[in-house]
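Below you'll find the structure, written out as structure tokens, and then a few comments.
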Amino acid sequence: MNHKKVCFISCVNDSEFYGECLKYINNLNIPKGFQIQTLAIKDAKSIASAYNEAMKASDAQYKVYLHQDVFIINKNFIEDIIKIFNDDKKIGIIGMAGAKVIPTNAKWEEAFERFGAVYENHTGVMKPLKFNEVKGNYVEVKSVDGFLLATNQDIQWREDIFTGLHFYDLSQCVEYILKGYKIVVPKQESPWCMHDCGLVETTGKYDIYREAFLDEYSKKIFPLVSILIPAYNKPKFLEIALKSVLNQTYRNIEVIICDDSTNDEVENMIKRYMARYTCIKYRRNSKEKVDNNEIENSERNNSVIKNFNRCLRLSCGQYINYLIDDDVYRKDKISVMMNYYIAFNDITLVTSYRQLMDKDGNELDDILETKKLNDSPTILDGKIFRNFILENMLNLIGEPTCVLFKKKDLEGKMFGEFYGRIYYCNLDIATWLGLLSKGKAVYIPDPLSKRRFHGEMRSEILYVKILGATEWYNLINSSIELGYIAKKAEKNNMINWIKKSQYLFDSIIEEKDLSKLPLKELYECFDNAIKSTLQIEI
């Protein structure tokens with residue numbers, strides 16, 4: 001390997017373009033003691049195969065792979081890249097434009113943070129294209145555009161997969177990263193290169209190679225997400241829900257199904273899918289079969305929370321998203337949501353607008369809780385959002401189906417646990433409040449999931465409504481004890497709870513059998529709320 005040699009490599013099918021490219025290369029300043037080489041590979045099967053051929057043909061340590069229509073206008077280009085390579089021996093690739101992370105759809109240009117600059121004319125007019133400013137001499141990224149890649153290590157290009165014009169560059173970035181090397185974009189006061197690319201084609205084979213990239217690398221570069229489905233006696237709806245998971249565009253998923261059903265219908269249906277999909281893990285909770293018609297509501301509630309947490313214990317994913325067995329995911333739900341976790345370190349909860357539907361899948365109008373919070377994706381302060389939810393007693397975040405979160409942010413607690421208390425009706429809200437206390441929330445206005453309303457909704461049972469009211473009281477009271485709610489807001493929160501919960505007494509009066517209702521707990525909550533309201537000073 002010649003450590004004082006730089007080889008410029010191009011895949012060529014247009015001699016006029018390449019001739020112009022060579023003029024700029026030959027006009028570069030060459031550091032003392034260095035020599036340059038140019039290699040043009042013609043009639044190649046693919047860009048990746050051409051680059052492999054040239055890589056083997058040159059003994060230069062530094063290789064610059066550039067398109068034939070790229071013109072290097074920074075005369076000190078060679079000296080500048082060598083300085084960067086020498087600054088950190090772990091730097092393996094230098095590119096002119098790239099992204100801080102690889103988005104889950106593998107389109108680097110759609111990443112939240114992009115860096116670099118280039119003169120280019122994809123709109124028909126040559127002009128500078130600039131992304132975020134690079135602070136320091138360079139910034140580390142995960143992907144760079146393939147119009148120019150400078151390397152100081154020889155790693156095989158994946159010509160076995162990328163046999164065309166697309167995604168050979170992103171693949172090479174990942175290959176370097178997997179071998180422990182860094183990828184950087186340099187600081188450019190003005191662009192170092194001009195790219196006479198013209199209209200860029202991003203259809204047809206582009207998507208074929210994008211899918212190939214995701215198939216090959218998703219499990220290597222994206223975290224495992226566990227989809228948890230607590231199942232109960234709804235095989236037809238569950239099959240629809242399961243298909244919506246198996247069709248996700250996000251590739252690195254496991255599906256955990258824990259079944260509380262009172263018959264074998266769910267199990268028989270799941271077995272058909274397990275024969276085809278290795279990502280499915282199924283557990284039948286045969287020792288704790290339950291039936292709403294035969295057991296007390298309290299027992300059913302206890303069974304539900306147990307099943308939610310059985311799923312959680314069996315999961316191996318770094319990220320968790322529940323799926324209620326009659327709800328549905330949009331095919332890109334996990335992919336869209338994971339982009340925020342990949343890009344930002346302070347997110348603890350990602351949710352979205354959820355579309356309501358009836359038992360037949362027909363869309364329904366919004367209720368107060370499901371109306372859109374915003375028309376564009378929004379990052380919210382978790383603590384402010386948490387207190388707004390407590391003040392209004394509205395689950396604006398959504399049911400378990402809606403939310404993607406990090407498993408570690410539960411800090412070993414059960415799903416449905418808040419301040420040492422387990423919640424059965426508001427188990428989702430209890431968990432969301434804890435997560436919002438640790439970081440920021442993301443709200444996405446697109447309908448990434450659908451929630452089904454039908455005749456079996458537990459929320460319509462008077463017992464559940466009473467339990468929900470008492471749990472809201474406990475959530476507010478615990479938040480006061482934790483100091484989440486400011487002193488001046490404590491009284492308003494309690495008064496609001498009293499106003500919103502007193503409607504229950506009309507239903508209680510009309511109920512013939514009161515013996516199975518948790519009235520004692522409700523009365524105690526009202527008594528405590530009234531007393532605390534009278535004592536709280538504003």
Side-chain angles (χ1 to χ4, degrees), residues 101 104 112 222-230 241 244-245 248 250 252-258 304-305 307-324 327 329-330 332-354 369 373 377-390 395-419 422-423 426-446 448-449 451 475 479 484:
V101 300
T104 56
F112 292 115
F222 298 134
L224 177 66
V225 176
S226 297
I227 308 300
L228 310 185
I229 308 178
S244 77
V245 175
Q248 287 295 297
Y250 190 84
N252 199 12
I253 283 177
E254 67 168 5
V255 185
I256 311 294
I257 304 171
C258 290
V304 169
I305 195 72
N307 207 23
F308 267 78
N309 284 287
R310 283 194 189 98
C311 292
L312 185 63
R313 287 194 296 272
L314 290 174
S315 65
C316 298
Q318 184 180 346
Y319 293 83
I320 301 292
N321 206 135
Y322 280 92
L323 174 57
I324 304 304
D327 291 346
Y329 287 169
R330 199 173 80 177
D332 60 346
K333 170 183 161 62
I334 302 300
S335 180
V336 170
M337 289 186 164
M338 278 302 300
N339 276 330
Y340 288 90
Y341 283 114
I342 291 170
F344 303 104
N345 295 323
D346 54 355
I347 303 297
T348 57
L349 183 154
V350 180
T351 189
S352 75
Y353 170 74
R354 70 270 202 200
E369 286 187 325
L373 299 181
T378 308
I379 297 178
L380 302 164
D381 181 283
K383 294 177 182 178
I384 294 174
F385 195 22
R386 174 199 66 198
N387 291 354
F388 183 81
I389 290 167
L390 287 167
N395 185 2
L396 301 173
I397 296 173
E399 295 69 38
T401 294
C402 298
V403 175
L404 178 71
F405 61 93
K406 292 180 185 176
K407 187 175 183 178
K408 72 177 182 63
D409 284 335
L410 293 180
E411 297 180 335
K413 296 183 178 68
M414 293 176 62
F415 188 85
E417 181 179 352
F418 180 69
Y419 197 38
I422 304 300
Y423 290 80
N426 294 338
L427 73 166
D428 46 6
I429 302 168
T431 301
W432 308 157
L433 294 179
L435 294 174
L436 290 174
S437 301
K438 297 180 177 67
K440 295 179 180 178
V442 175
Y443 176 78
I444 302 168
D446 299 319
L448 298 183
S449 61
R451 179 190 176 194
L475 289 169
S479 296
Y484 291 167

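Values in this document were obtained by computation on a predicted structure and should not be read as measured data. Note that the numbering runs from 1 along the sequence shown for the chain.
K333 places no side-chain N or O within 3.5 Å of a backbone atom of V245 that could act as its donor or acceptor partner. The backbone N or O of P445 sits nowhere less than 3.5 Å from a side-chain atom of S352 that would complete a donor-acceptor pair. Between the side chain of Q248 and the backbone N or O of R330, at least one donor-acceptor pair lies under 3.5 Å.
For K407 and S315, the side-chain atoms include at least one donor-acceptor pair closer than 3.5 Å. At a cut-off of 3.5 Å, with distance as the only test, a side-chain donor of T104 or N339 sits close to an acceptor on the other residue. The closest side-chain donor-acceptor pair between Y329 and N321 falls under 3.5 angstrom.
More than 12 heavy atoms of other residues, nucleotides or ligands shown are found within 6.0 angstrom of CZ on F344. Taking a 6.0 Å sphere around NZ of K438, one finds it holds more than 12 heavy atoms contributed by other residues, nucleotides or ligands.
For the atom pair NZ (K413) and OG1 (T431), the distance works out to 10.5 Å, reported to the nearest 0.5 Å. Distance CG/L404 to OG/S226: 10.5 Å, rounded to 0.5 Å. Separation of atoms CD1 (I320) and NZ (K408) is listed at 13.0 Å; rounding is to 0.5 Å. Rounding to the nearest 0.5 Å places CZ of R451 at 7.5 Å from CG of D327. One distance of note links OG of S437 with CH2 of W432; it measures 13.5 Å at 0.5 Å rounding. Taking CZ of R310 as the reference point, atom CD1 of I305 lies at 11.5 Å (rounded to 0.5 Å).
Aromatic ring centroids of F415 and Y322 lie under 6.0 Å apart. In this structure, Y443 has its ring center at least 6.0 angstrom away from the ring center of F385.
You'll find the side chain of C402 stays beyond 4.5 Å of the side chain of Y353, heavy atoms only.
Nearest approach of D428 to P400, heavy atoms of both residues: OD2-CD, 3.4 Å.
Between D381 and K383 there is no salt bridge, since none of the side-chain N atoms of the basic residue sits less than 4.0 Å from a carboxylate O of the acidic one.
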